[in-house]
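The first residue of the sequence shown is numbered 1, and numbering continues consecutively from there.
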Amino acid sequence: MKTKQIFTIIVLIVIQFGLYAQNKMIFSSKPFSQGGAEQKEFKANTPIYARIILEKPLKTYCANPSKKMDNVPVGYARQFCIRPTDRNETDEVAFDEIFSNNYIIHLTFSDLEKSYIDFDVMPSNEEASTIYSDWEALYWSFAKSDLELGKKSHFAIKVYSEYNESNAEITGLNSFADLYIDYTGSTEETQLKWYEQCKKASENARANGLKNVSKNAAIEAAKLPLPSCFSIGNNPGYKNPENSTAKIIALIKQKYGITEVFKLTFDKADGVDDYRTLVDANTNEASCKMGNHVFYFAFKDKDGSYRFAGGVLIQDHIGYGKFGETYIKNYSPIQGDEKYPLDVVRDGQGTYGVFYFDGSKLK
């Protein structure tokens with residue numbers, strides 16, 4: 001073989017595999033956040049977790065790291081794609097046949113600050129925490145019942161760079177790692193059991209993930225100043241004793257399931273009276289009475305972190321010129337271009353416009 005041909009082959013090998021040497025991917029039977037140690041081989045029906053160790057914080061690989069991508073749910077920053085390899089992906093190593101799907105992970109802004117990416121491969125119910133898109137997770141590939149059982153199989157997982165560059169604006173981030181799973185004692189029945197267990201764990205991960213999102217949101221909020229809605233000024237509120245501050249605080253506690261309300265602040269009035277009547281454009285009849293005094297408030301939630309929100313009093317028209325009980329309608333407390341972490345749990349439950357902030361700044 002000519003020297004030029006040999007050199008070309010070497011260059012191609014460096015290009016193909018050198019890209020993956022930039023960041024190391026490792027596996028463990030225990031989450032790395034809980035002291036997991038690297039290992040390459042696992043028994044089927046046992047937990048498997050992964051970590052990609054980066055050379056620098058993830059945000060440095062991202063274009064516009066402060067930007068929330070449109071293709072991720074509320075509470076997340078962007079998505080990240082990984083992919084099990086298949087036999088045809090490279091001629092140098094023959095991997096065992098596998099369902100080679102793309103698996104998409106949602107990342108928070110706090111994740112972007114880290115120099116590693118953790119994700120579940122085959123998690124336990126208690127430790128599952130990775131939020132995969134569209135309910136698809138790696139167990140779809142590794143717990144299949146039609147794999148070649150009765151042997152140790154050689155797989156691999158890679159970062160799907162092409163997908164991440166075009167869909168998440170994450171560039172220059174590559175990683176690849178071998179993964180061995182021993183199916184020596186496995187049967188179709190044990191595979192189905194493993195599949196169902198990991199499926200349930202991945203569903204539990206959504207609840208666990210929301211807790212992590214809340215924790216990260218509180219951390220992010222600590223970096224931000226006191227929300228400017230609390231610096232609007234000392235504007236008077238409602239005049240009628242039926243809409244007193246004490247009554248409003250009681251309604252807030254009931255709506256948000258809390259016991260303490262801080263810094264109740266009224267915005268500038270939208271009218272002279274307590275309410276204005278809104279009329280349905282189609283029927284030309286009253287639809288409700290809306291308060292002329294928007295208000296903002298803070299509270300300490302059950303997990304010890306602080307939130308702030310806004311509201312306005314509403315009375316729905318119940319017919320014949322009569323209006324129903326007073327309640328609070330959600331109203332965003334955000335002023336201008338402020339960006340505070342959203343309470344995604346309440347948002348998912350239909351209570352909009354609740355944000356995290358650093359409660360210590362109230363004092």
Side-chain angles (χ1 to χ4, degrees), residues 20 25-52 79-90 93-107 116-160 163-164 175-210 212:
Y20 297 121
M25 186 186 303
I26 57 178
F27 303 101
S28 175
S29 58
K30 183 178 180 181
F32 287 97
S33 60
Q34 299 181 24
E38 180 181 2
Q39 62 188 90
K40 289 184 178 293
E41 298 185 8
F42 301 86
K43 287 281 188 181
N45 284 286
T46 61
I48 306 173
Y49 304 90
R51 169 170 283 188
I52 302 171
Q79 58 189 24
F80 182 78
C81 190
I82 54 176
R83 180 181 178 90
T85 62
D86 57 31
R87 185 184 296 278
N88 299 319
E89 192 157 329
T90 172
V93 178
F95 296 102
D96 287 275
E97 297 282 1
I98 197 171
F99 177 61
S100 188
N101 194 20
N102 298 330
Y103 297 104
I104 300 169
I105 299 168
H106 294 317
L107 301 173
Y116 61 86
I117 303 171
D118 286 344
F119 60 91
D120 300 335
V121 181
M122 308 295 281
S124 68
N125 287 335
E126 297 76 19
E127 308 298 344
S129 62
T130 302
I131 308 298
Y132 284 94
S133 176
D134 300 325
W135 299 95
E136 294 184 4
L138 283 163
Y139 66 86
W140 279 40
S141 290
F142 299 119
K144 289 175 60 183
S145 60
D146 60 350
L147 291 175
E148 188 177 352
L149 305 178
K151 60 184 279 285
K152 183 188 295 182
S153 293
H154 178 198
F155 304 122
I157 297 177
K158 76 167 189 175
V159 171
Y160 194 179
Y163 184 99
N164 293 329
S175 191
F176 175 95
D178 296 288
L179 174 64
Y180 297 88
I181 301 179
D182 188 352
Y183 295 97
T184 301
S186 298
T187 64
E188 288 188 14
E189 289 74 21
T190 61
Q191 282 291 95
L192 178 59
K193 181 179 179 181
W194 198 21
Y195 181 96
E196 291 298 331
Q197 184 272 316
C198 290
K199 177 182 178 182
K200 182 179 179 181
S202 293
E203 292 169 355
N204 289 343
R206 291 184 175 269
N208 295 339
L210 283 176
N212 290 334

NZ/Lys200: more than 12 non-hydrogen atoms of other groups inside 6.0 Å: no
Exercise: do Tyr183 and Gln191 side chains pair donor with acceptor under 3.5 Å: no
Partner set under ring-ring contact (aromatic ring centres under 6.0 Å, His included) for Phe155, not counting sequence neighbours: Phe142
Pairing residues for Tyr180 by the ring-ring contact (aromatic ring centres under 6.0 Å, His included) criterion, not counting sequence neighbours: His154
With sequence neighbours excluded, residues passing salt bridge (Lys or Arg N to Asp or Glu O under 4.0 Å) with Glu196: none
Test side chain to side chain donor-acceptor pair (under 3.5 Å) applied to Gln197 - qualifying residues, sequence neighbours left out: none
Atom of Phe42, atom of Ser28 and distance for their closest heavy-atom approach: CE2-C, 3.5 Å
Side chains of Gln39 and Ser29, donor plus acceptor under 3.5 Å: yes
Heavy-atom side-chain proximity of Cys81 to Asn102 below 4.5 angstrom: yes
Residue pairs fulfilling salt bridge (charged side-chain N to carboxylate O under 4.0 Å, His left out) with at least one residue in residues 119-128, sequence neighbours excluded: none
Minimum-distance pair of heavy atoms, taken over all atoms of Gln79 and Asn164: O-OD1, 4.4 Å
Reported OG-to-CG distance for the pair Ser129 and Asp118, which is rounded to 0.5 angstrom: 7.5 Å
With Lys30 via salt bridge (Lys or Arg N to Asp or Glu O under 4.0 Å) - residues at least two apart: none
Within-4.5 Å side-chain heavy-atom neighbours: Thr190 and Leu149: no
Atom pair CH2/CG of Trp194 and Asn45 - distance to nearest 0.5 Å: 6.0 Å
Val159 and Ile117, any side-chain heavy atoms less than 4.5 Å apart: no
Heavy-atom closest contact (Phe32 atom, Tyr49 atom, distance): CE1-O, 3.9 Å
Glu188 atom CD, over 12 foreign heavy atoms within 6.0 Å: no
Short N-O contact, Asp182 and Lys152, less than 4.0 angstrom: no
For the student: nearest non-hydrogen atoms of Ala201 and Ala128, plus distance: O-CB, 3.1 Å
